[in-house]
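We count ligands from 1, going down the list as the structure has it; atoms in each ligand are counted the same way. It should be emphasised that the depicted structure is a prediction, and the values quoted were computed from it without experimental measurement.
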Amino acid sequence: MLSGSKISLATFEREHAQKTLTWLNDTELCKFLGRTEPISQAEQEIWFELLKGKKSETLFFAIETTDTKEHAGNVWLHGIDTKNAKAEVRIVLDPKHSGKGLGVEALSLIKQYGFEWLNLHKLTGYVLSFNLPAQKAFEKAGYICEAVLTEERWSNGRYVDLHVFSSIRGR
Ligand SMILES: CC(C)(COP(=O)(O)OP(=O)(O)OC[C@H]1O[C@@H](n2cnc3c(N)ncnc32)[C@H](O)[C@@H]1OP(=O)(O)O)[C@@H](O)C(=O)NCCC(=O)NCCS
């Protein structure tokens with residue numbers, strides 16, 4: 001387990017899947033995550049079972065608060081590509097835990113995990129242009145905005161730019 005001062009990254013267990021479902025069906029969070037379709041309980045259970053078999057491609061962690069051990073969010077590596085030693089970083093926090101710096105710490109810890117444990121070379125995060133908290137959180141965690149892809153995503157009735165944040169091992 002990786003620990004910081006405010007949070008730890010814990011193995012993602014069945015108990016974490018239920019709370020995750022409420023976040024994935026939260027319409028405000030969905031805008032930031034680029035999701036449009038609601039997810040049912042049955043779909044979530046299938047997803048959790050499949051996740052166990054996909055650890056070489058997707059590594060999920062539950063973000064737990066250090067003091068109360070509360071499940072505050074998830075951070076994960078998606079599309080782990082061992083040939084090119086790269087992966088995408090994704091994150092979601094329970095809204096009641098946002099604004100306290102937990103996201104910055106989780107993005108730093110997953111970077112440490114990706115570089116030191118998985119020997120990855122590059123981590124990338126994709127953030128919609130209107131998602132200023134996520135852009136700041138990636139920057140504060142040491143990722144650099146290396147590109148802005150113009151009108152890359154359709155979101156809430158309009159095309160929006162996508163900011164590409166990355167971190168290279170050792171830089
Ligand atoms: C993105 C996310 C992980 C950020 O984590 P967090 O712990 O809430 O981060 P913080 O609240 O510490 O905010 C980071 C910075 O954004 C700033 N911020 C917050 N709301 C803001 C706003 N509306 N406009 C501009 N800046 C804002 C904060 O002030 C902070 O900067 P500071 O430390 O210099 O004051 C979290 O908000 C989240 O889960 N959002 C929904 C899902 C999502 O967007 N995921 C990212 C897609 S990859």
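- Ranking protein heavy atoms by distance to atom 37 (O) of ligand 1, first place goes to Ser98 CB, 4.0 Å.
- Just one of Tyr113, Trp117, Phe12, Trp76 meets the ring pair (Phe, Tyr, Trp, His ring centres under 6.0 Å) condition when paired with Phe61; it is Tyr113.
- For atom 21 (C) of ligand 1, the nearest protein heavy atom lies under 4.0 Å away.
- The closest non-hydrogen atom to atom 12 (O) of ligand 1, taken over Gly101, Gly34, Ala137, Gly103, comes from Gly101.
- For atom 43 (C) of ligand 1, the nearest non-hydrogen atom from the set Asn131, Leu29, Asp26 comes from Asn131.
- Of the protein's heavy atoms, none falls inside 4.0 Å of atom 29 (O) of ligand 1.
- Within the set Ile91, Val89, Leu132, the minimum heavy-atom distance to atom 42 (C) of ligand 1 is found for Ile91.
- Trp154 and Leu149 fall into different hydrophobic clusters, defined by Ile, Leu, Val, Met, Phe, Trp and Tyr side-chain heavy atoms under 4.5 Å apart, directly or through other members.
- Of all heavy-atom pairs between Phe115 and His121, the closest is CE2-O, 3.6 Å.
- Distances from atom 6 (P) of ligand 1 to the protein include at least one heavy-atom value under 4.0 Å.
- Ranking protein heavy atoms by distance to atom 14 (C) of ligand 1, first place goes to Pro133 O, 3.7 Å.
- Phe165 and Tyr143 have their aromatic ring centers separated by at least 6.0 angstrom.
- At a threshold of 4.5 Å between non-hydrogen side-chain atoms, the residues Leu24 and Asp26 do not count as touching.
- In the model, Glu64 has a side-chain atom that pairs as donor or acceptor with a side-chain atom of His16 under 3.5 Å.
- Checked by distance only, ligand 1 and Leu93 come closer than 3.5 Å through their nitrogen or oxygen atoms.
- Nearest protein heavy-atom contact of atom 32 (P) of ligand 1 is Lys140 NZ, 3.5 Å.
- Scanning all protein heavy atoms for the shortest distance to atom 17 (C) of ligand 1 gives Lys136 CD, 3.6 Å.
- Screening Ile91, Thr66, Leu93, Val75 against Leu102 for a side chain to side chain contact (heavy atoms under 4.5 Å, CB included) leaves a single residue, Leu93.
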- Message: Applying salt bridge (charged side-chain N to carboxylate O under 4.0 Å, His left out) to Glu146 and Lys122, what does each step give before you reach the verdict?
- Response: CA-CA 12 Å; Glu146 68 169 44; Lys122 181 172 183 178; 3.2 Å; yes
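- Here atom 8 (O) of ligand 1 lies nearest to Gly99 when heavy atoms of Ala141, Gly99, Gly125, Pro95 are compared.
- Put simply, the side chain of Thr22 gets close to the backbone of Lys19: a donor and an acceptor are under 3.5 Å apart.
- One side chain, Ser5 or Glu105, offers a donor N or O that lies under 3.5 Å from an acceptor on the other.
- Close contacts between ligand 1 and Val92 involve ligand atoms 39 (O) [criterion: under 4.0 Å to a heavy atom].
- Every atom of ligand 1 is numbered from 1 in the order shown, and the set under 4.0 Å from a heavy atom of Ala134 is 1 (C), 46 (C).
- Side chains of Gln41 and Glu45: a donor-acceptor N/O pair is present below 3.5 angstrom, by distance only.
- Looking at atom 48 (S) of ligand 1, its nearest protein heavy atom turns out to be Tyr126 O, 3.5 Å.
- Per-atom contact check: atom 35 (O) of ligand 1 does not touch the protein, criterion being a heavy-atom distance below 4.0 Å.
- Within the 4.0 Å heavy-atom cutoff, Val127 does not count among the residues contacting ligand 1.
- Which parts of ligand 1 touch Phe32 is read off a 4.0 Å heavy-atom cut-off, strictly below it: atoms 43 (C), 44 (O).
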